[in-house]
Structure formats: structure tokens, C-alpha cells
There are 2 protein chains.
Amino acid sequence: MPHPPLKNKSSALFVERRSRRWHTDGMTAIQGARERARREVTAAIKSEARDRIAAEGAAQLSLRAVSRNLGMASSALYRYFPSRDDLLTALIIDAYNALGEAAEGPLVSGDPPESPAERWLAVCLSVREWALDHPHEFALIHGTPVPGYAAPQETGGPGTRVPFALIAVTLDAHRSGALGPVPGGPPPPAVLAEAAALAAEHAPGLPAPSMAAVTAAWAQLTGLVAFEVFGQYTHVIEESRAEFFAYTVRRMAAGIGLP
Amino acid sequence: MPHPPLKNKSSALFVERRSRRWHTDGMTAIQGARERARREVTAAIKSEARDRIAAEGAAQLSLRAVSRNLGMASSALYRYFPSRDDLLTALIIDAYNALGEAAEGPLVSGDPPESPAERWLAVCLSVREWALDHPHEFALIHGTPVPGYAAPQETGGPGTRVPFALIAVTLDAHRSGALGPVPGGPPPPAVLAEAAALAAEHAPGLPAPSMAAVTAAWAQLTGLVAFEVFGQYTHVIEESRAEFFAYTVRRMAAGIGLP
DNA sequence: CACAAAGGAGAGCGCTGCTCACTCATTCCG
DNA sequence: CGGAATGAGTGAGCAGCGCTCTCCTTTGTG
């Protein structure tokens, strides 16, 4: 992968295009064919890039190949994404949102599971299913950080949807008085303090030990899914992966105090 | 990253060099200056490549840069590694071995911790410490699979040293009669069967539920470490990461039945 | 209608992985 | 011992890459 400078150059979250000011008079909302075309081309680029990533992996993603398949000059692509890394960043944000939406699915669907532990399991199963269905996009967000490191910031919001889904299940159980204590005794003081601050900001009312346990479970869940997606469980768990995952995730729920 | 074909071309684990047959007569073990030089140059290439990976990440690793820093023509490098991916594979194997050695450290050192749970903690702490000290090499083995996918096979042996260290702790506890049951009831039958087969092959005598729990813990541990190394815990856990890790790993040990 | 802005095209720079003669030193063997 | 085979190293060169620049066409606006 050449792109020699790569110093996170144009990281001002894509080209600054001041949105066309919205006339307050009777002008219709058509907004011109140009804006529409821009949105469509942007979507086409991302879609083609996703296809190519699914075919060859993110490391092999090439702007020239994308532009070729789209029938446009490679230089035209830079009107939409100022660098290869910015395109990747956009795809990462999309992937975060897609995974987050999948995780939230069981919580907003018509018939959410009744017990907290079952809701927890449903969220984790959704995460696993999405990751197995979109391995390269999962790799984009939970594999090696691909832009030079320190990609986050812009990805901050979408990247928190999965842990917030896990927190929502736990907080819900707590509010209904069903959340038990975290087995095995309280965390050390430093952890307790930081978990309490975290809970105060993001999950008001949640006991600090539960918050710490959920935070750990988030990473553990991701590790479990990554092992499946990245093939680390090849020749280890083969036939019973789904049951193994559900069993492990249930034990994690118990380790948090979810009934 | 161009390397356009990349079809895992020369994956016959590097250049086939029939080892100089070992004369059974009184020939000394010097083996000629050539072999020695070859080993030294190979090591220098890998060392320089490791340096460059530590400086810029594996994605930016370039054979030409390595050869430049070594003062040799880029084409000469292909006498040692037939492709960039093969060099990366060699580095991956080395990283697996280094991590495995770190993990085994507490078990072979002069004064191993006494209780199984403390040995478990010591192994996990060693893994974490190595990963934080060698983030790019950790990314090489637990980030996005970098050669075209399906890298394993050659990495099979070295890649199992960490889980085997975890198994060793658990098996040792079991043999001394100290291993408790896995809390939360037995796994479903399919998991039980596969875990039993796994235990029969790699940890004779270990109860299948314990085997399943250790297998899960391996992935969970890796996820926990990866979150720290890859910056996923930024703005989540900051001050108390070490305590948080130790606390979580202790809870995992309890979840396996280690006293 | 005139003009500015946006989108697109093509050439070109420096980099990359990799191949191909070709040289030179070392090693093997009759 | 001396010719032959082998291995290491070189430099040129190919095609692909990210990215920039200049130029031209299309589109929307006052």
C-alpha cells in the first residue's frame, strides 16, 4: 500500500462543502439535480468500495479499481473523497452504524425478549450474526486500525452504539429491580471510581460494579466474535459454534447479574 | 498496497532450499560461511522489517524501504523472501512465538505463583504486557488477517502457545484436585461433545465444561487486550486499566472454577 | 444571458511489488 | 586442482498505486 505520505492529511472529515443555503421563501425542496447526483455518486462509490472490500479485503482496496468499475476517471473520485483513507473512514463509520443498528434491533423490535438475560443474549447474537454476515466490514472496525492509527474522533458516536445497547439492557434490568450484584466481590477502588464516573455520565443510576462488568463484557464479546470471524477458532470449535457462543454469552450475562 | 496478484503464490513456506546434507564423517559443524551469512541477512531483514512496522504499521511495510535501510538492492531481498506477504508471514510466526513465550513465562520461571488463579492471572498479565509493549506485532497476529486470508497452517503451532498456557494452568489445577466446577450449569450437548474431543486430544483428563470455559476465556482475554492495544477503551477506561484488567481476569478465573 | 462553481478527464510524479537478465564469488565434484 | 554448478547481489524495467495538476464541460444562479 503505497500512499506514501498518509499523514492523516485531509482528515477534516471529507471535503468541506457548505450546504446550499435553504431559502426560506417558497422554493421547493428539490434542491437541484446536482445535490441529488452528488449523493448518488457518493453512495455508488461507497457501495462499490464495499463490494471490492468484500472481494479482496480492505488492504487491497484501490481507488483506481473503484473508479474503473464505476466508469469514471480516478481523479474524479477525489471530488468526493479527498483520499483513500477518508473513503475508508466513511466506510468505517457506516460499518459502525450498521453494526450498532443490528445490536439495537432486538431492543426496538416488536417483541423484545422478556428476561434481561434473554435480551442480552439477543443483542449479542445480533452482533455475532452481523459480523459473520459482513466479515470484512467487521474487520474494518475491529481489526487492525487501518488509517495511520488514531482514526477515532469522528467514529466516536457510531462506535458506541453496541456498548450502549449492552448498557441499555443492564440499566433496564436495574430499573426494574431485577439486576443482581456482580458475583465475585467489588472491583478495586480505582476501577470503582472510574466505573462510577462512567455510569454517572452514560447510565445514571447503574451501580459502578455493574458498569465495570458491562465494560469488560463488551470487549469480551468482541473478542469472541472476532475469533469466529477471523478464523481463530478453526480446528477448535467447528460444529457447535452457535451453541458455544450462546452458552458463553449466557455465562457472561450471569457474570453481570442479569436474571 | 499493490502487489496485484497476491494469490498466495509462493506460499510453500519460503524458498525451498534443500538443507545442505549433513556429512556423517568428521566434517565440522561450521557449515560454511554461506549458510551463516544467509541466516544473518535473513535475521537483519526481519529485524529491519519489525522496526519499520513498529514505526509505521504493517500496512505501510515496504520491501524497498527495508532494502534501502539495509543498503541492498530491493531485488536482492527476494532471495530471502519470495514476496512481501511471505516476509509478513515470517514476522507473524515470530510474533506468535514471542507472545507464546511471554505467556509461558510465569509457568517456567523460578517462582511460579502458588494458587491456580494467581497463575492464571500471571499468564494473562504477561500476555497483556507483551501486547502493550509490541502493539504492531500484536496487531499482526490478532488484527485483520493480512495475507489474503487463510494464513494459518504454518502459523498453527506457534499460534497455540497462549491457549496451551491457559490450559496448562487449568489442567494443573484439575490434577491437584483444586479445580471447581464451571459455575452456571453444563454446556449444551453439542458444545459438551466438541469440548470433550478437544480435551481428549490436548488436555487429557480435563472435564469438558472446563475445556469449553477455557476456550471461551482465551477469546475473551484476547478481546480485552485488543481493546486496550487498539484504543477502543479510549475515554472509557483510562486511569485504572491495569486494575480493571486484573479484576476482569480474576473474574474470568472464577468463571472457570480456578481457586 | 453571463458568470461562477462543480464535476469530470487525462497526463504525470513518485512510490510500490515483482521479474528478468546479468555479474561475481563461493562451493561442489570429477 | 580446476571446471561446473549454485547462490547472492545488481540495475533496469513493467504495471499498478495514491495523489495532484491543468484543462474542459455541465449546471445552477444573479
Side-chain angles (χ1 to χ4, degrees), chain A residues 1-10 15-21 23 25 27-28 30-42 44-45 49 52 56 59-68 70-88 146-148, chain B residues 1-10 15-21 23 27 30-42 44-45 49 52 56 59-68 70-88 146-148:
Chain A
M1 196 185 309
H3 53 88
L6 178 91
K7 302 194 177 300
N8 265 0
K9 312 169 9 173
S10 47
V15 187
E16 292 275 356
R17 304 215 169 271
R18 57 184 183 10
S19 60
R20 217 119 100 44
R21 62 246 172 287
H23 294 246
D25 57 15
M27 193 174 186
T28 67
I30 292 297
Q31 279 293 86
R34 206 110 118 177
E35 250 89 280
R36 176 186 308 274
R38 182 171 183 85
R39 261 193 294 275
E40 279 175 8
V41 174
T42 305
I45 292 172
R52 292 206 61 80
E56 313 188 58
Q60 274 71 46
L61 176 66
S62 120
L63 292 192
R64 291 182 115 114
V66 169
S67 67
R68 258 198 308 274
L70 257 44
M72 63 198 293
S74 67
S75 54
L77 216 144
Y78 287 82
R79 301 277 183 199
Y80 297 87
F81 298 95
S83 82
R84 195 193 95 121
D85 283 12
D86 288 279
L87 173 55
L88 277 173
V146 11
Chain B
M1 193 185 310
H3 52 89
L6 178 92
K7 302 195 177 300
N8 267 358
K9 315 175 357 179
S10 45
V15 187
E16 292 276 356
R17 304 214 169 273
R18 52 171 190 21
S19 60
R20 214 119 99 49
R21 63 246 172 285
H23 293 246
M27 195 177 187
I30 293 296
Q31 280 294 84
R34 223 158 194 171
E35 251 92 282
R36 176 185 308 274
R38 179 168 186 88
R39 259 193 295 274
E40 279 175 10
V41 174
T42 304
I45 291 171
R52 293 207 61 80
E56 313 187 62
Q60 275 70 48
L61 177 66
S62 121
L63 291 192
R64 291 181 112 113
V66 170
S67 66
R68 261 197 308 273
L70 258 43
M72 62 198 295
S74 65
S75 51
L77 217 143
Y78 287 81
R79 300 277 182 202
Y80 298 87
F81 298 94
S83 82
R84 194 193 96 121
D85 283 11
D86 288 277
L87 172 55
L88 276 173
V146 15

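In what follows, chains are A, B, ... by sequence order, proteins preceding strands, each numbered from 1.
Phosphate proximity of dG17(C) to Ser62(B): present, with a side-chain N or O under 4.0 Å from OP1 or OP2. Tyr80(A) has a side-chain polar atom (N or O) that falls below the 4.0 Å cut-off from OP1 or OP2 of dG8(C).
Atom CE of Met72(A) and atom P of dG10(C) are 12 Å apart (whole Å). Rounded to an integer number of Å, the gap from Arg52(B) CZ to dT16(C) P is 9 Å. Counting to the nearest Å, the P atom of dG16(D) and the CD atom of Gln60(A) are 15 Å from each other. One atom, CG of Leu77(A), and another, P of dG10(C), lie 15 Å apart when rounded to the nearest Å. If you take CG of Leu61(B) and C1' of dT16(C), they are 12 Å apart, rounded to a whole angstrom. Rounded to whole angstrom, the span from the CZ atom of Arg84(A) across to the P atom of dT20(D) amounts to 14 Å. Counting to the nearest Å, the P atom of dG18(D) and the CZ atom of Arg79(A) are 18 Å from each other. When the C1' atom of dA15(D) is taken as reference, atom CZ of Arg68(A) falls 11 Å away, rounded to whole Å.
The nearest heavy atom of DNA chain C to Ala76(A) and to Arg64(A) marks one nucleotide each, and the one closer to the 5' end goes with Ala76(A). Of the two residues near DNA chain D, Ala65(A) and Ser75(A), the one whose nearest nucleotide lies more 5' is Ala65(A). Comparing Leu63(A) and Gly71(B), the nucleotide of DNA chain D nearest to each residue sits closer to the 5' end for Gly71(B).
The closest side-chain heavy-atom distance from Ser74(A) to Leu63(A) is not below 4.5 Å. Residues Val66(B) and Leu61(B) meet the side-chain proximity criterion, which asks for heavy atoms closer than 4.5 Å. Residues Leu88(B) and Phe81(B) fail the side-chain proximity criterion, which asks for heavy atoms closer than 4.5 Å.
Taking CG from Asp86(B) and OH from Tyr80(B), the interatomic distance works out to 16.0 Å, rounded to the nearest 0.5 Å.
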